[in-house]
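Residues take their numbers from the sequence shown, with the count starting at 1. Every number for a ligand or one of its atoms is a count from 1 in the order of the listing.
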Amino acid sequence: MALSSEVTSVLNEQINKELYSSYLYLTFADYYDDRGLKGFANWYEIQAKEEMDHALAIRRYLLDNDFKPTMEAIAKPDKTFESDLAPLEAGLEHEEYVTSLIHHCYEVAHEQHDVRTMKFLDWFVEEQGEEETNARDMITNMKLFGCDPKGLYDLDREYQARTYVQSASLNL
Ligand code: FEO
């Protein structure tokens with residue numbers, strides 16, 4: 001059964017939003033790298049890779065369902081940060097926005113009685129919940145420990161330990 005134009009349209013748009021997320025998180029990594037906080041930079045570089053995977057998974061889903069996606073222009077991230085906390089707060093705000101986009105995709109699929117796409121989007125709905133939790137935890141940690149150089153050093157070490165693992169449940 002072919003996907004409806006309503007569904008292909010929102011999913012095509014979501015590819016662009018995920019690519020933008022990847023691009024945005026690279027600017028977060030750049031900020032922290034420039035500050036000498038290599039662990040925070042590492043965390044966001046990995047986040048950028050994950051966002052790219054999300055874009056690729058949606059692209060693959062569309063191709064596998066006989067729809068050729070269109071790659072639109074990616075917006076320029078334009079945030080400047082005044083503190084080490086600021087990117088973390090911008091990260092939570094951005095993830096809440098992406099959650100609303102994923103939920104919208106899900107609602108469109110539901111309206112179209114597109115059970116296959118709803119099932120495909122289940123993974124993204126869960127992932128957004130996890131990403132919001134991570135973003136909130138990072139803000140809490142920074143507020144609790146980031147004001148002290150030793151605390152900040154330890155946090156940076158912790159984020160340095162994050163490694164990139166491609167999700168086994170994503171078909172890229
Ligand atoms: Fe793929 Fe964090 O949105």
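- Ring geometry for Y159 versus F40: interplanar angle over 60°, hence perpendicular rather than tilted (30 to 60°).
- Here D154 pairs with K150 in a salt bridge; the nearest charged N to carboxylate O distance falls below 4.0 Å.
- I46 belongs to a hydrophobic cluster whose other members, connected by ILVMFWY side-chain contacts under 4.5 Å either directly or through intermediates, are Y164.
- Heavy atoms of other residues, nucleotides or ligands lying less than 6.0 angstrom from NE2 of H103 number more than 12.
- The aromatic rings of F28 and Y25 sit perpendicular, their planes meeting at an angle over 60°, well past the 30° parallel limit.
- Note on atom 2 (Fe) of ligand 1: protein N/O/S atoms under 2.8 Å are E51 OE2, E95 OE1, E95 OE2, E131 OE1.
- Between the N42 side chain and the R162 main chain, a donor and an acceptor come within less than 3.5 Å of each other.
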